[in-house]
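These notes concern the structure reproduced below.
All heavy atoms count here, side chains included; hydrogens, waters and symmetry mates do not. Labels below follow one simple rule: chain letters A, B, ... track the order of the sequence lines, proteins then strands, and each chain is numbered from 1.
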Protein chains: 2
Amino acid sequence: MDARSTASQSDRAVILLRELLLDGSCPAGTRLTELGLAPRLGVSRTPVRHALARLAHEGLLEELPRGGYRVRAFTVDEIWSAIELRGILEGSAARLAAERLTDATALAPLRRLLIELDHRLPRSLTDFVAYVQINDRFHREMWTLSGNRMLVATIEQVVRLPFAAPGALVFGDAEVAEARWTADLAQSQHQAIVEAIERREGARAEALAREHALIAWKNLQRALTNKALFARMPGAALVRVPFAV
Amino acid sequence: MDARSTASQSDRAVILLRELLLDGSCPAGTRLTELGLAPRLGVSRTPVRHALARLAHEGLLEELPRGGYRVRAFTVDEIWSAIELRGILEGSAARLAAERLTDATALAPLRRLLIELDHRLPRSLTDFVAYVQINDRFHREMWTLSGNRMLVATIEQVVRLPFAAPGALVFGDAEVAEARWTADLAQSQHQAIVEAIERREGARAEALAREHALIAWKNLQRALTNKALFARMPGAALVRVPFAV
DNA sequence: CACGTTCTGGATGTATACAAGTAGGTCGAT
DNA sequence: ATCGACCTACTTGTATACATCCAGAACGTG
């Protein structure tokens with residue numbers, strides 16, 4: 001069922017390389033060459049080339065002018081840009097969903113996910129995995145309700161960056177209390193967004209969804225005050241931080 | 001100086017294939033194979049493979065589940081989605097530019113382009129080429145002023161679609177009078193946007209820039225009422241139209 | 001000692017050979 | 001005549017050989 005079982009060498013190379021980047025095996029700034037990577041990924045240059053191009057497109061690598069790639073180093077400013085952009089896009093999606101809602105039955109899937117999120121408010125670390133999954137589906141459903149497929153595709157690309165994803169809510173096994181508080185806030189925003197869409201209050205839906213995205217920003221700021229917490233953040237190795245790593 | 005002179009085979013393949021798609025040599029729905037394309041583009045499979053992946057990423061091709069690619073057929077709805085999305089993004093860029101303007105000197109490049117546009121309001125067909133170029137630079141400068149690099153990158157990707165580009169103002173050699181009227185309207189909007197940014201009126205700048213994008217939509221609607229005009233639209237071959245081609 | 005030139009190492013770009021999987025057609029049997 | 005199985009042609013996935021280009025170091029010369 002998982003892609004790994006029947007995956008092509010290219011798919012494997014993409015997955016492996018992405019893991020190498022996110023877990024810090026290749027710190028930001030590292031230059032990556034096809035020939036150097038091929039033995040590490042266990043494939044020949046061709047799939048490596050494919051993987052490099054793909055991850056460059058995702059934004060995790062940057063192409064060097066004279067050939068080759070370098071592991072991207074994200075500044076805090078750039079992460080802010082990504083989160084702000086997600087706010088803009090999800091806000092617009094919520095507004096369009098509100099403006100274009102024709103009958104309330106179209107909201108049924110979103111409502112169902114909202115209820116499911118209510119039942120899954122995380123209490124322990126294992127809860128978080130399921131919670132983030134449902135949260136993801138809730139967001140995707142909202143995007144779809146916008147009725148603008150280009151917008152959906154664009155959001156999907158932005159949230160490929162680990163810092164910008166809707167699931168960038170919480171991380172780490174510590175601070176569960178704080179994480180739960182954050183989830184409660186997020187859930188109240190979810191409810192308000194659905195209500196605004198149902199009432200066709202486009203401006204309100206947009207403002208709420210835009211504000212909702214800022215949770216990721218607050219989490220990042222919190223992580224930046226705590227080295228241990230920061231180290232557990234997905235993709236932390238790619239962030240250029242004020243304090244030394 | 002032009003990329004063609006020193007371009008790699010891959011770059012040439014991308015450029016050639018894009019032209020084939022836009023000029024109608026490969027109508028929407030055509031299946032494209034690496035082996036079939038290689039002789040037509042005069043390169044081997046490797047650059048063709050690269051070109052196919054790249055144009056699929058641009059949105060002009062779609063990947064088939066069982067391998068291979070198909071030329072994308074755009075519905076009018078999808079084109080509307082792209083134009084609407086550009087409006088959202090450029091509107092946001094204008095708003096951010098207004099909100100973040102610190103000193104008026106930062107607006108100097110935009111002002112200079114505005115004046116240049118004034119002097120280049122198109123009167124003949126040859127004028128249009130220069131006008132569209134300056135218009136493009138004006139828009140790019142506005143995006144940059146947003147201070148959000150992710151936003152800029154996202155807009156750049158959206159406007160790769162020929163229908164969504166800011167230069168999708170006018171097309172064809174006929175209807176010059178109408179095209180000039182459109183350019184006049186666009187220019188008055190440009191002026192209003194710059195003024196709003198200068199006064200830090202973010203909401204106004206956003207509304208104006210969003211409305212500005214709709215010029216492309218009006219042009220499309222006009223083209224849809226006139227077969228001959230439609231045929232001259234860039235990328236017309238990729239559009240699934242109500243009337244038969 | 002400094003500067004220029006040359007050489008070498010390594011990187012990507014490109015082409016192609018080979019393998020594997022699939023769809024469609026054709027041939028045979030019932 | 002119809003249905004099933006086999007086979008063929010075509011396609012992509014992958015690896016690799018070769019060419020080319022650039023950077024950096026080393027060496028020679030002024």
Side-chain angles (χ1 to χ4, degrees), chain A residues 1-21 25-73, chain B residues 1-21 25-73:
Chain A
M1 172 178 260
D2 189 280
R4 276 157 226 253
S5 53
T6 59
S8 64
Q9 301 285 69
S10 288
D11 295 339
R12 251 203 302 278
V14 171
I15 292 170
L16 282 173
L17 183 53
R18 192 189 286 115
E19 278 175 11
L20 284 183
L21 295 174
S25 301
C26 300
T30 308
R31 178 154 184 236
L32 297 179
T33 67
E34 297 175 7
L35 227 55
L37 229 44
R40 285 183 76 174
L41 301 179
V43 295
S44 78
R45 272 181 62 206
T46 306
V48 170
R49 186 183 188 73
H50 191 137
L52 286 168
R54 177 118 167 222
L55 291 174
H57 167 230
E58 278 188 22
L60 262 44
L61 301 176
E62 53 189 351
E63 208 167 344
L64 294 174
R66 303 224 177 274
Y69 294 86
R70 186 170 44 193
V71 180
R72 179 82 181 274
Chain B
M1 173 177 254
D2 188 280
R4 275 157 228 253
S5 55
T6 58
S8 64
Q9 300 286 68
S10 287
D11 295 339
R12 251 204 302 279
V14 171
I15 291 170
L16 282 172
L17 182 53
R18 193 188 286 116
E19 277 175 11
L20 285 182
L21 295 174
S25 300
C26 301
T30 308
R31 177 156 184 237
L32 297 178
T33 66
E34 297 176 7
L35 224 55
L37 229 45
R40 285 183 75 174
L41 301 179
V43 296
S44 79
R45 274 182 59 206
T46 307
V48 171
R49 186 183 187 74
H50 191 137
L52 285 169
R54 176 119 168 220
L55 291 175
H57 166 231
E58 279 188 22
L60 263 42
L61 301 175
E62 52 189 352
E63 209 168 343
L64 293 175
R66 302 222 178 276
Y69 294 85
R70 187 170 44 194
V71 180
R72 179 82 181 275

With 3.5 Å as the limit, what N/O pairs link the protein to nucleotides 17-20 of chain D?
none

Open item on the list: What I'd like to find out is whether the side chain of A/L32 reaches to under 4.5 Å of the side chain of A/V48, using heavy atoms alone.
Closed with: no
Task: Any A/L41 side-chain heavy atom under 4.5 Å of A/L20 side chain - done: yes
TODO: Find the distance between CG (A/L60) and CG (A/L52) and round it off to the nearest 0.5 Å.
DONE: 11.5 Å
Task: Rounded interatomic separation in angstrom, taking CZ from B/R70 and P from D/dT11 - done: 16 Å
TODO: Would you mind reading off the distance between B/E63 atom CD and D/dT11 atom P, rounded to a whole angstrom?
DONE: 16 Å
TODO: Answer yes or no: is there a side-chain heavy-atom contact under 4.5 Å between B/L21 and B/L61?
DONE: yes
Open item on the list: In whole Å, I'd like the distance from the CG atom of A/L64 to the C1' atom of D/dA23.
Closed with: 13 Å
Open item on the list: What contact category does B/T46 fall into here, base, sugar-phosphate, or nothing, at under 4.0 angstrom with non-hydrogen atoms?
Closed with: base
- [ ] Using chain A heavy atoms and a threshold of under 4.0 Å, write down where along DNA chain C the contacts begin and end, 5' to 3'.
- [x] C/dA11 to C/dG13
Open item on the list: Please enumerate all residues that pass salt bridge (Lys or Arg N to Asp or Glu O under 4.0 Å) together with A/R70, with sequence neighbours excluded.
Closed with: A/E62
- [ ] Scan residues 28-48 of chain A for pairs that pass ring pair (Phe, Tyr, Trp, His ring centres under 6.0 Å), counting only residues two or more places apart or in two chains.
- [x] none
Open item on the list: For a quick check of understanding: with a heavy-atom distance under 4.0 Å over all strands, which category does A/G36 fall into, base, sugar-phosphate or nothing?
Closed with: nothing
Task: Partners meeting side-chain contact (heavy atoms from CB on, under 4.5 Å) with B/E63 (sequence neighbours left out) - done: B/Y69
Open item on the list: I need the CZ-P distance between B/R31 and D/dC10, as an integer number of Å.
Closed with: 13 Å
- [ ] Hey, could you give me each pair passing side-chain hydrogen bond (donor to acceptor under 3.5 Å, both in side chains) that has a residue in residues 47-56 of chain B? Not counting sequence neighbours.
- [x] B/E34-B/R49
Task: B/R49 CZ - D/dT11 P separation (whole Å) - done: 14 Å
